[in-house]
Structures are given as C-alpha cells and as structure tokens.
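Scroll down for the structure; my scribbles are underneath it.
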Amino acid sequence: MNTEVPSGRLRHDKKKNKSSRRIPIIALVTGLALLSPGLLHAADARSQAEIQADIDRLKQLLEKDQQELAAQNGTEPPADAQSAETAQSARDASQGKSADVANLDTVQVRTRSRLESLKDVPASVSVVTGKELQQQAGYDLGAITKRTANVSRNTGNSRTYSLSIRGIGQVGQTEAQDPSVGVIVDGISYAYNPLASFDFYDVDKVEVARGPQGTQGGKNADIGVINVTTRRPSFTPGVDYSLVYGRDQTVTGQVAGGGPIIDDLLAWRGSLIADKGNGQIKNTYNPDQTFFNTDRVAGRAQFLLKPSDDFSALLSVEIQPTGSENYNSGTFFTPTPTTFSDGQKNPLSTDASTRLARSWFTQQGSYSYLSNYLSQTGVDVNNQQPLYTYTNGASTQLNWNLGNYALTSITGYRGYHFNARNDEGTPFNISLQGGGKVDEYKQLSQEFRLNSQIDGVVDYVVGLYLFKNGVDYSHGGWVSGWGSDAGAWFASNAQYAALDADGNGRYLLMNSLNGLNKSQPQSIRNHSEAIFANADWHLSEPLTLTTGLRFTQEGRRNQGSSYIADN
C-alpha cells in the first residue's frame, strides 16, 4: 500500500532542531494506521478501543509538535480540518479501509445535477481527472474511454463513430442523433455524435455514469452518459502550460490561465490547444498526405461574474476553426474470395481485379492490381481530399442560492461543419467527389433545474429541458462526381468489350460519365420538450432508493431529394 502526503501539508524547517521530532511521530501514526487492520484480526490483539486511544494520543502529540514548529517559524498552525483529515485517514486505515475508499469522501461528481461525494452516488460512476489525462497526453474521446471501464469508442471518421457502454449502444457507420450513450460538456448535452469528435482540453474531470440518465436532466440517454467538466475561472491567478513531442512529428501545445478582472466580482479563464501530427499510413501518390493524421486547434474563453454568494453567472465561448484530417480511403485492400460459401464460383465481374485488368488501366505500366492496389505498405489515391471539420459554441450558466433551494439555468449553442470528398482507391480519374457531403449542424438548448432536500430524508431535482436542432446535407455541394476514367471503370464486361473495339467507342467511354455530378440535399429538423424529476430517498444509513421520471415530447421532420446537378 502506498501512502502519499499532499505537498504543503507537512513543513520541515532545516534550521530548527526541534522539528526533527515530527518525523518519528508521523512514522508512528502512519505505521500504526497501516498495521492496525492486522492487529484487529489477530487472536491475541488488543481491543480496537485501545488502538483508537493510541491513535488519538499520537494525533495530539503531532498537533502539539506542529504548533511548536509554527510558533518558531512565526506562522499559523495547520488548520483543524487538516489535522482531522489526518486522524480520519488513520482511523479509516485502522478499520481496514483502503486509501481509495477513504478518499471517496473528497471525490465529487456532477453527473447527478448537483455536487455529491462519489461514494454517496447510488449509481455506477467512473471518474478520471483532467490531470491524469494531461499527463498521459489523452485529449480525445478515444483516450478518455480507454481510461474508463466498460466504455468503448467505435471508430470511424469524425462523423461516423459511436460510443457503447458494456457493449450496448454501438451503431453502424452513421452520424447518430440522440445517441443512446450521451456526451455532456459543461452542462450542455450533445445530441449529435460528431460534436464530441474534437479534442477535450483544460479538463477538470470526466465522469462516466452507467444506466439511464434522463431523469437527471439534459438530453435523454438510455445507456449512460460521459460528462466532461472543464476548469472554471478562479479569483486566484495562475497559468498552466505544456508542450509534448511524439512520434510521427506530433506536437501538442496547451496553455491555460486566468484570474480576477475585478477582485471578488469578475474573473476569467482562457484555454488554447494546438495538436498537430502525421498519420501512420502514407499516400504513395502524394507522400506528404498521411492518413489518420491530427490537425486541430481550439480556444475557449470563460468569464465568471459573482456579485454575491447567492448568485453567479458563467459565460463560455469556444471556437475550433477548420482542420483537415485524412480518414477516408486509408484502406488496405485484400483479394476478393473466388468462391462463395456454398462453393459456387464468384465471377468477379465488378471486382477491382477485373476492372484493373482492362487495357484502359494496364496502359499505366507503373501501376498494377497485385503490386499497388493490394499493397500493404501504403495507399495510392489521387482524388482523396481531407475531411474538413470545425465546431464552435457558446453557453451561459446562471446559479441562484435560494436558501433551501438551488436554481440553475443553462443555455447552450453548438455548431458543426463537415465536408468530405472521397476517392475510390486508385490513382485513376474515376471518382472526383465520391461520397462527398457537406454537413451543417446546429443545436440550441435551454435547461432549468431546481435542487433541494427535505430534512435529510430525500434529495431531489426537478426541471424543464427545451431543445431544437437542424442539420443540412449537401446544400451548396455535390454528393457524387465522376471523371474521364469512370466510364471504363463502371462499364459491364459486355459494354467494355463493345466500346473498346475502336477509337469511337473509347471516346464514348471517356465522355460517358466525365463531368457528371449528382446532388442529394437533405434537411432534418428536430425539437423536444421535457420535464424531469429525480429523488434519492435515504431510507437508512447504508440504503438509498432512487426514483425518477421523465416526460418528453419529440418532433421530427426529414426532407430530401436526389437529382443530376450537372450532366
């Protein structure tokens, strides 16, 4: 068992010989606390009351020594709370409690709409500190889920990944709205998975609450919630910064700081991160293009207004400008099986091996199906563009202390942009805008929460949640486009044989799809209104019963069309 003494808790003055008496006293307290569980269970051990009396006596000696040392140094003695905490730790150890269990009193979570000690939360909750994430250079959601039990990030690109808890919640490669595993950042529910595909920085803590969370507030989440809380402004000035250099020319710089603007009234905090690095897979057509690279810059400014102990207002504005990252087409191809599972032969009539064997494509002697298309050392594509994404948002949080009640208002906005232009996987002029999509997403939410308790018997929260969002696909952009090699690529074997017979046929092959563009605009509009309530009934010291309810009205509208934009 390792015991860590917080820095600044114990002082040592080399100039004062009397202070040396503190070391054996501390050692005795710690040793007794560590050994006492074994003593309590020994057949001939002293009684627990006798051991407790020794602990109390040693605690008094320690406090007396600290007072003498403080008097010599002209400083104030340690706070009673610190001495009490030291004694409590010793008592916890004497009763067989681990250090982690003892510290559960000091770990507070926000997942349940109010600050509570982790050990008092009647739910399965994991907590990861922002300090731990920063020390291990964990900035994205993938790094967070690796440090929380039973939570998985099912990778795709920034638009198509999904989250699952205990294996539930995973969806196919689609941009899920109203996901079963929710993400909340500083009180704002993300109703669209891609919003959480960016870096999380200047983080205070991350909590993962498993099970239905809709009765706690925010957007309903059936399977669980990942709750990210960033560091808030403080009236104590300070600056934190870090610079990390890693493999693949990765450089991550982060700086955050702030302090009072007007003492005891207005404070601020600013945060900035730049995260750049190459990916592991190169494009042999353009060696400077790598797949699974990182290109992210983001900044956030927060202002805290606190005119009294009974009211505070927090304004936050965040911007993550356009970044370009390559995910799509970073694929290693393998040969298609030549037989089906029932033993029948696969004709491979539309397979890349058949198409690339056509004379149209074998004229480029430096490229072949076996050596290039099936290469496991890199990809060879000419029209693949990066995925261009950006996001921005703003929120205000108002808190009133109304005696026995606490009222909170959270207003939030979030926007997201995504643009993709994909290649089919070869260096030929086949697909110019394959899978191209221009997404514009916006959401606006308003939440009111009232927290209170009744004589320590029940803690409850009631509230109102209002939400609307909209997403537009392919407005102002094409979803598919083809080039001069597309005709020879998509032609059937019979069509290719007929048209490749002479120059006129080959001219038709070249022009049949060249310059063709298709558009598929889609518009989605959603809104929801909900009331929720949750109560923790403290039936006895070890037993708490949680009850909750939520009523939600949902509205959905989806309009789409498909047409030839340029023939």
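Everything numeric in this text was worked out from a predicted model, so none of it was measured.
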Say whether Ser445 and Arg414, considering side chains only, have a donor N or O and an acceptor N or O under 3.5 Å apart.
-> no

Tell me yes or no: between the side chains of Asp295 and Ser324, is some donor less than 3.5 Å from an acceptor?
-> yes

Does the side chain of Thr129 pick up a donor-acceptor pair with the side chain of Gln134 at under 3.5 Å?
-> no

Rounded to the nearest 0.5 Å, how far apart are CG of Asn278 and CG of Asp288?
-> 8.5 Å

Closest non-hydrogen contact found for Val461 with Arg449 is CG2-CD, 4.1 Å

Looking only at heavy atoms, the pair that brings Gly214 and Phe532 closest together is O-CB, 3.9 Å

Within a radius of less than 6.0 Å around CD1 of Ile261, do more than 12 heavy atoms belonging to other residues, nucleotides or ligands occur?
-> yes

Heavy-atom distance under 4.5 Å between the side chains of Asn469 and Gln177, does that happen here?
-> yes

Derivation and outcome, side-chain contact (heavy atoms from CB on, under 4.5 Å), residues Tyr192 and Asp439 | CA-CA 12 Å; Tyr192 190 54; Asp439 297 357; 3.9 Å; yes

Once you round to the nearest 0.5 Å, how far does NZ of Lys131 lie from CG of Asp204?
-> 12.5 Å

If we only count heavy atoms from C-beta on, is the Arg232 to Asp186 side-chain gap below 4.5 Å?
-> yes

Single hit among Arg147, Glu207, Arg210 for side chain to side chain donor-acceptor pair (under 3.5 Å) with Ser126 = Arg210

Quick one: ring-ring contact (aromatic ring centres under 6.0 Å, His included) pairs with a partner in residues 206-230, sequence neighbours left out?
-> none

Measure from the ring center of Phe291 to the ring center of Tyr327 and say whether it is less than 6.0 Å.
-> no

May I ask you to check if Arg300 and Tyr201 form a cation-pi contact, with NZ or CZ under 6.0 angstrom from the six-membered ring centre and within 45° of the axis?
-> yes

Considering non-hydrogen atoms only, spot the tightest contact between Ala533 and Val462 and give its length.
-> CB-CG1, 3.8 Å

Neighbour count above 12 (heavy atom, 6.0 Å) for Trp268 CH2 = yes

Do Gln302 and Arg231 have side-chain heavy atoms sitting under 4.5 Å apart?
-> no

What one should report as the nearest heavy-atom pair of Asp202 and Ser271 is OD2-OG, 2.6 Å

With rounding to the nearest 0.5 Å, note down the distance linking CD1 in Ile531 to CG in Leu549.
-> 7.5 Å

Under the side-chain contact (heavy atoms from CB on, under 4.5 Å) rule, what do Thr145 and Leu163 come out as? Steps first, then yes or no, please.
-> CA-CA 9 Å; Thr145 57; Leu163 294 167; 4.1 Å; yes

Distance in Å, Tyr460 OH paired with Trp537 CH2, rounded so as to fall on 0.5 Å steps | 10.5 Å

Which residues satisfy the ring-ring contact (aromatic ring centres under 6.0 Å, His included) test with Phe311, sequence neighbours excluded?
-> Trp400

Can you tell if the side chain of Leu195 reaches within under 4.5 Å of the side chain of Gln443, non-hydrogen atoms only?
-> yes

Considering only heavy atoms from C-beta outward, does the side chain of Thr290 approach that of Asn326 to under 4.5 Å?
-> no

Side-chain heavy atoms of Tyr139 within contact of Gln254, under 4.5 Å = yes

Nearest 0.5 Å, what's the NZ-CD distance between Lys468 and Glu529?
-> 10.5 Å

Where do Tyr416 and Thr389 come nearest, in terms of heavy atoms and distance?
-> OH-CG2, 4.0 Å

CD1 on Ile165 to CG on Asn150, rounded to 0.5 Å | 9.0 Å

Between Asp140 and Asp199, does a side-chain contact (heavy atoms from CB on, under 4.5 Å) hold up when you go through it step by step?
-> CA-CA 5 Å; Asp140 61 8; Asp199 281 348; 3.9 Å; yes

Does a side chain donor of either Arg550 or Thr552 reach within less than 3.5 Å of an acceptor in the other side chain?
-> yes

Hey, does Asp264 have a side-chain heavy atom less than 4.5 Å from the side chain of Lys306?
-> no

Note: Arg269-Asp240 ion pair, threshold 4.0 Å (strictly below) | yes

If we only count heavy atoms from C-beta on, is the Thr322 to Asn419 side-chain gap below 4.5 Å?
-> no

Under the side-chain contact (heavy atoms from CB on, under 4.5 Å) rule, what do Leu133 and Val128 come out as? Steps first, then yes or no, please.
-> CA-CA 8 Å; Leu133 292 172; Val128 182; 3.9 Å; yes

Which atom names give the shortest non-hydrogen contact between Ser528 and Lys219, and what distance separates them?
-> OG-NZ, 3.4 Å

Determine yes or no for a side-chain-to-main-chain donor-acceptor pair under 3.5 angstrom, with Ser452 supplying the side chain and Asn404 the backbone.
-> yes

Does a side chain donor of either Gln453 or Asp459 reach within less than 3.5 Å of an acceptor in the other side chain?
-> yes

Flag if over 12 foreign heavy atoms under 6.0 Å of CD, Gln249 = no

With distance as the sole test, does Ser189 use its side chain to make a donor-acceptor pair with the main-chain N or O of Ile184 at under 3.5 Å?
-> no

